[in-house]
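Below: the structure, in structure tokens.
Throughout, a chain's letter reflects where its sequence line sits, starting with A, and its residues are numbered from 1. What you see is a predicted model, and the numbers here were worked out from it, not measured in a lab.
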There are 2 protein chains.
Amino acid sequence: MNESQSVILIDDETDLLKALRRLLKAEGFQVACHTSAAEFLAAARPPSPGCIVLDESMPGMTGLDLQRELVAEGSTLAIVFLTARGDIPMSVRAMKAGAVDFLTKPVKDKDLISSIRMGLKKSADLELNKNEVDLLRGRFETLTDREREVLKFVTQGLPNKQIAASLGLVEQTIKVHRSRVMTKMRAESLAQLVVVAERLGITSQES
Amino acid sequence: MNESQSVILIDDETDLLKALRRLLKAEGFQVACHTSAAEFLAAARPPSPGCIVLDESMPGMTGLDLQRELVAEGSTLAIVFLTARGDIPMSVRAMKAGAVDFLTKPVKDKDLISSIRMGLKKSADLELNKNEVDLLRGRFETLTDREREVLKFVTQGLPNKQIAASLGLVEQTIKVHRSRVMTKMRAESLAQLVVVAERLGITSQES
DNA sequence: AAGTCTATTATACCTTGGTCAAACGGGCTA
DNA sequence: TAGCCCGTTTGACCAAGGTATAATAGACTT
């Protein structure tokens with residue numbers, strides 16, 4: 001299970017990187033190091049359940065910039081900030097953007113490790129959830145327009161007869177669409193279909 | 001709609017309280033002032049969609065203490081910290097505990113007001129959600145043990161026949177319970193019942 | 001002891017959901 | 001153009017859900 005113990009260190013101070021790497025490896029983590037945000041982005045994406053330990057003040061892209069970038073692309077990596085020249089507004093911004101923690105140098109080994117474990121837990125949870133949703137979305141995309149329409153009505157609890165009336169069709173037609181929806185979404189019951197629809201945020205909007 | 005614009009100022013510096021009160025009243029907020037956390041707790045609970053502007057460093061109970069207290073009792077009040085002697089760990093703790101913002105004195109009027117508006121929005125959302133869940137929980141509590149059991153199975157998508165078998169009963173019995181559940185929970189369809197069960201976190205645990 | 005609440009079962013009937021088989025039409029390919 | 005796939009539609013038939021009424025029985029209250 002070492003795959004789920006992946007830590008990415010990003011800091012422009014190479015001495016610190018070395019020291020932290022040794023510490024974290026000794027703790028049993030998989031460790032990757034980068035000396036800038038750009039270098040990290042250029043590298044192949046790390047195994048996704050993982051935690052980034054990030055310095056805020058770096059030449060080029062700052063830690064907050066990188067965080068914004070990762071959030072924007074829906075990354076499931078957790079971020080622990082570790083910085084020397086931080087201030088309150090900076091930490092608040094980081095936390096608002098979803099950072100797991102915002103630590104200041106020098107940091108106690110215990111604190112850093114504790115935060116990293118928290119981050120790994122969070123990342124694993126996010127990853128798990130994302131995978132599930134992706135799977136469901138994939139199935140949803142195999143539905144035809146009609147089927148999506150019927151899915152929407154069905155998960156709102158409308159009976160077939162009413163759905164048919166709304167769409168100007170006969171009840172039997174709805175039944176067939178409904179059946180296909182169940183098959184394609186791999187739902188074994190209406191109850192399951194409803195929770196799936198909830199997770200996909202299917203309400204009424206969009207085309 | 002001024003009820004939903006309620007701000008509670010808690011700070012031991014009375015001069016600041018006065019100044020902020022004037023500012024916020026001019027902005028159209030309902031303002032209440034307290035000079036300590038204890039005084040606030042002793043007072044009647046303010047209208048619940050509201051935002052607390054809280055100083056961290058006060059004699060007696062600190063801001064973080066009060067925040068912990070409010071979180072523990074499930075308050076829907078939002079909290080904006082406003083403090084002079086703050087540091088990063090303090091701000092991080094506050095944000096982790098769900099503060100809307102952590103501002104430092106002196107603060108720009110614009111920033112404070114912006115945070116307060118954010119807090120009011122958040123509080124209103126929490127309040128709305130809490131009211132809904134409370135309503136549903138109230139209905140759930142009118143169910144008998146058997147009915148809750150049946151509710152659990154039904155919202156998992158099991159057909160009556162199987163539920164009956166699981167409980168060593170006849171299908172008709174389940175139908176009766178099921179019908180009562182629908183009535184008591186005021187659900188008009190299985191779909192609605194399922195989402196209600198989701199919001200109540202009904203899965204399988206507890207007695 | 002009478003009354004209330006809950007749980008259980010039964011009968012009967014109606015409504016709704018689910019599956020099977022099949023027809024129709026548009027668009028694409030050989 | 002003929003054949004084919006896909007999406008859509010429909011009818012016939014069977015299974016499951018929902019309602020109404022009623023009866024029995026235990027637990028608890030007054």
Side-chain angles (χ1 to χ4, degrees), chain A residues 136-200 202-204 206-207, chain B residues 136-200 202-204 206-207:
Chain A
L136 298 179
R137 201 189 316 283
R139 290 177 187 165
F140 179 73
E141 278 163 6
T142 69
L143 297 183
T144 67
D145 289 348
R146 255 302 189 242
E147 286 161 355
R148 290 178 196 187
E149 216 162 1
V150 172
L151 169 59
K152 199 185 69 186
F153 284 119
V154 165
T155 52
Q156 284 169 358
L158 293 177
N160 292 338
K161 195 179 288 186
Q162 281 186 39
I163 301 175
S166 295
L167 299 177
L169 299 175
V170 181
E171 190 180 350
Q172 310 308 321
T173 309
I174 306 304
K175 290 187 181 179
V176 175
H177 288 313
R178 184 171 181 153
S179 172
R180 297 232 178 82
V181 169
M182 295 296 286
T183 304
K184 288 185 176 179
M185 297 305 289
R186 308 213 192 164
E188 290 170 351
S189 64
L190 174 58
Q192 282 182 22
L193 191 67
V194 170
V195 314
V196 167
E198 282 271 296
R199 296 198 68 173
L200 291 176
I202 294 174
T203 48
S204 55
E206 70 205 326
S207 62
Chain B
L136 297 179
R137 201 189 317 281
R139 290 176 187 165
F140 179 74
E141 279 163 4
T142 69
L143 297 183
T144 67
D145 289 349
R146 253 304 188 242
E147 285 161 356
R148 290 178 197 188
E149 215 163 2
V150 171
L151 168 60
K152 199 185 69 185
F153 284 118
V154 165
T155 53
Q156 283 170 358
L158 293 176
N160 292 339
K161 196 178 289 184
Q162 280 186 41
I163 302 175
S166 296
L167 298 177
L169 298 176
V170 181
E171 189 180 351
Q172 186 54 32
T173 308
I174 306 304
K175 287 189 181 181
V176 174
H177 287 312
R178 184 170 181 154
S179 173
R180 295 225 182 87
V181 169
M182 295 296 286
T183 303
K184 288 186 176 178
M185 298 304 289
R186 307 215 193 164
E188 290 170 350
S189 66
L190 174 58
Q192 283 183 20
L193 191 68
V194 170
V195 314
V196 167
E198 282 271 295
R199 295 197 68 175
L200 291 177
I202 293 174
T203 48
S204 55
E206 70 202 324
S207 63

Would you classify B:Ser179 as touching base, sugar-phosphate or nothing, given that sugar-phosphate means primed atoms plus P, OP1 and OP2, and contacts are heavy atoms under 4.0 Å?
sugar-phosphate

Just to confirm, is there a sub-4.0 Å distance from OP1 or OP2 of C:dC5 to any side-chain nitrogen or oxygen of B:Thr144?
no

In whole angstrom, what separates B:Arg178's CZ from D:dA16's P?
13 Å

Flag the pair A:Phe153 / A:Asn160 as yes when at least one side-chain heavy-atom distance between them is below 4.5 Å, and no otherwise.
no

Determine whether A:Leu193 and A:Val154 make a side-chain contact, defined as any pair of heavy atoms from C-beta on separated by less than 4.5 Å.
yes

Hey, does the side chain of B:Thr173 reach the backbone of B:Leu169 with a donor-acceptor pair shorter than 3.5 angstrom?
no

Counting side-chain heavy atoms from CB outward, which of C:dT9, D:dT9, D:dG11 is closest to A:Thr173?
D:dT9

Given DNA chain D, 5'-ward residue of the pair A:Gly168 and A:Lys184, judged by closest heavy atom:
A:Lys184

Would you please confirm or rule out a distance under 4.0 Å between OP1 or OP2 of C:dT8 and any side-chain N or O of B:Arg146?
yes

Identify which nucleotide among C:dA7, C:dT16, D:dG17 has an atom closest to any side-chain atom of B:Glu147, counting heavy atoms from C-beta outward.
C:dA7

Taken to the nearest whole Å, CZ/B:Arg148 to C1'/C:dT6 is 14 Å

Have a look at the helix from C:dA1-D:dT30 to C:dA30-D:dT1 and give the angle its two end axes make, five pairs each, rounded to 10 degrees.
30°

Between the CZ atom in B:Arg180 and the OG1 atom in B:Thr144, the distance rounded to the nearest 0.5 Å is 8.0 Å

Should we say atom CD of A:Glu188 is surrounded by more than 12 heavy atoms from elsewhere, each under 6.0 Å from it?
no

Is the phosphate of C:dT16 approached by A:Asn160 (side-chain N or O, under 4.0 Å from OP1 or OP2)?
no

Answer yes or no: are there more than 12 heavy-atom neighbours, outside B:Arg199 itself, under 6.0 Å from its atom CZ?
yes

Quick one: on DNA chain C, does B:His177 or A:Leu190 contact a more 5' nucleotide (nearest heavy atom)?
B:His177

May I ask you to say whether A:Glu149 pairs ionically with A:Lys152, meaning some side-chain N is under 4.0 Å from a carboxylate O?
no

For A:Ser179, is there any backbone N or O sitting under 3.5 Å from a side-chain donor or acceptor partner on A:Thr183?
yes

Report yes or no: does B:Lys161 contribute a side-chain atom to a donor-acceptor pair with the main-chain N or O of B:Glu171 at less than 3.5 Å?
no

Starting from P on C:dT8, measure out to CG on B:Leu167 and report it in whole angstrom.
8 Å

For A:Ile174 and C:dG17, what is the distance between atoms CD1 and P respectively, to the nearest whole Å?
11 Å

Return the value, rounded to whole Å, for the distance between atom CD of B:Glu171 and atom P of D:dA16.
8 Å

Separation of A:Glu149 atom CD from D:dG7 atom C1', in whole Å?
13 Å

Rounded to the Å, how far apart are B:Lys175 NZ and C:dA12 P?
14 Å

Indicate yes or no: at least one non-hydrogen side-chain atom of A:Ile163 is less than 4.5 angstrom from one of A:Gln156.
no

Please enumerate all protein N or O atoms sitting under 3.5 Å from an N or O of nucleotides 20-27 of chain D, with distances to 0.1 Å.
| from | atom 1 | to | atom 2 | distance (Å) |
| --- | --- | --- | --- | --- |
| D:dA20 | N6 | B:Gln172 | NE2 | 3.2 |

Taken to the nearest whole Å, CG/B:Asp145 to C1'/C:dT8 is 16 Å

